[in-house]
Q: 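Let me give you the structure first, and then I'll get to my questions.
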Amino acid sequence: MKKILVIGSLNMDVTLKVPHIPIEGETILAKDKSHNRGGKGANQAVAIRRLGANTSMIGAVGNDDFGKELLKGLKDEGIDTEGIIIKESDTGTAYINLDDDGKNNIVVYTGANFELTPEDIRSKEKIIKESDYCVFQLEIPQETVKEAVRICKKHGVKVIMNPAPAIKDLDDYIINNSDYMMPNESELEILSGQKLSEDNLLDICKLQIERGMENLIVTLGDKGSLYYNSEGYEFIDIIPTEVIDTTGAGDSFIGAFTNMISEGKTDLEALDYARYVASLTVSRAGAQKSLPNRDEADEFYRNNKMNV
Ligand code: RIB
């Protein structure tokens, strides 16, 4: 079995159930509040692990209750946490407004995640070397990601990059050395510096490939996703469902995609499976809480495959 490593963030999500997403200057009352284990990195690690892969994570938490809970959560999932470093600053926290349609906006206090240094990464080189695939997001410092990508390349580890949250001037080294770049629409806008529309999406993707991206997978919310590389492109529809909470949907999609390519599926086969996993995820509340295990995902895939 291939080994998948996630290098990225761990956050405690503080989710406020709100009647609508507040606009600038507006004060509203939340209907409910909950704490859930999250962080794009940890969510992706849990998504991958629940689908059955040998999974490890490198990241940082604070020396506090949230940090202990997040670490325990990963261990309970069976994720190798040898790469998790305890820092003196607070554990990362994400403040999530979740509306009645399952839509959200998120503000992340990065905390310990942003204390993860290139030096820390070098101290964990053995874990990277032993991995086959490494998944990244950008809730840790860019120079840390860059150093980790450099070590991945040194050891022939495939790089899956989720540029979230997006950085306007994402380092060319990261762009040129990622085997897969997986932004959502708004992240692609920031990466490309251009407002997206149905008319210019393909042109913008073409420019990104010319700029050095190898395989670009853009998640387009309820419009599905787009797979684009130098050989062509393909649109992939979503699997419709009743949406309860979109938190972690992208993470489940990326996790499932990575899991499937690690099992030898083609990119398009992997994207096909990933959309079922994302559909199951949005039909439930919470980030990690909503991620399906392999049996659930396989069953959902089998039962709904013929209806599409
Ligand atoms: O992708 C969803 C995640 O983004 C949440 O769990 C939150 O922690 C933020 O990092």
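Hydrogens, waters and symmetry mates play no part in the numbers below; they use all other heavy atoms, side chains included. Ligands are counted one by one from 1 in listed order, and the atoms in each one are counted from 1 as well.
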Q: So, for Tyr95 and Tyr109, is the gap between ring centers shorter than 6.0 Å?
A: no

Q: Between Lys146 and Asp171, is the closest basic N to carboxylate O distance under 4.0 Å?
A: yes

Q: For atom 4 (O) of ligand 1, what's the nearest protein heavy-atom neighbour? Residue, atom name and distance, please.
A: Lys40 NZ, 3.1 Å

Q: Under 6.0 Å between ring centres: does that hold for Phe235 and Tyr227?
A: no

Q: Only one of Thr91, Leu10, Ile79, Thr81 passes side chain to side chain contact (heavy atoms under 4.5 Å, CB included) with Leu71; say which it is.
A: Thr81

Q: Within ligand 1, which atoms have a heavy atom of Asp251 less than 4.0 Å away?
A: 1 (O), 2 (C), 3 (C)

Q: Can you classify the ring geometry of Tyr301 versus Tyr273 as parallel (below 30°), tilted (30 to 60°) or perpendicular (above 60°)?
A: tilted

Q: As a check for students: among Asn104, Thr15, Asp13, identify the option with a heavy atom nearest to atom 7 (C) of ligand 1.
A: Asp13

Q: Numbering the atoms of ligand 1 from 1, which are under 4.0 Å from a heavy atom of Ala94?
A: 7 (C), 8 (O)

Q: Counting each atom of ligand 1 from 1 as listed, which ones have a heavy atom of Ala287 under 4.0 Å away?
A: 6 (O)

Q: Does ligand 1 come near enough to Asn43 that some N or O of the ligand is less than 3.5 Å from an N or O of the residue?
A: yes

Q: Tell me, with the steps shown, if Asp120 and Thr144 meet side-chain contact (heavy atoms from CB on, under 4.5 Å).
A: CA-CA 8 Å; Asp120 291 331; Thr144 304; over 6 Å; no

Q: Do NZ/NE/NH1/NH2 and the carboxylate oxygens of Glu263 and Lys2 come within less than 4.0 Å?
A: no

Q: Short N/O distance, under 3.5 Å, between Thr247 and ligand 1?
A: no

Q: Answer with side chain, backbone, both or neither: which part of Asn36 has a heavy atom less than 4.0 angstrom from an atom of ligand 1?
A: neither

Q: Which atoms of ligand 1 sit under 4.0 Å from any heavy atom of Gly38?
A: 6 (O), 8 (O)

Q: Pick out which of Leu116, Ile140, Ile85, Val145 makes a side chain to side chain contact (heavy atoms under 4.5 Å, CB included) with Ile121.
A: Leu116

Q: Considering only heavy atoms, which of Glu139, Gln137, Gln288 lies nearest to atom 9 (C) of ligand 1?
A: Glu139

Q: Would you say Gly39 has any N or O atom under 3.5 Å from an N or O of ligand 1, going by distance alone?
A: yes

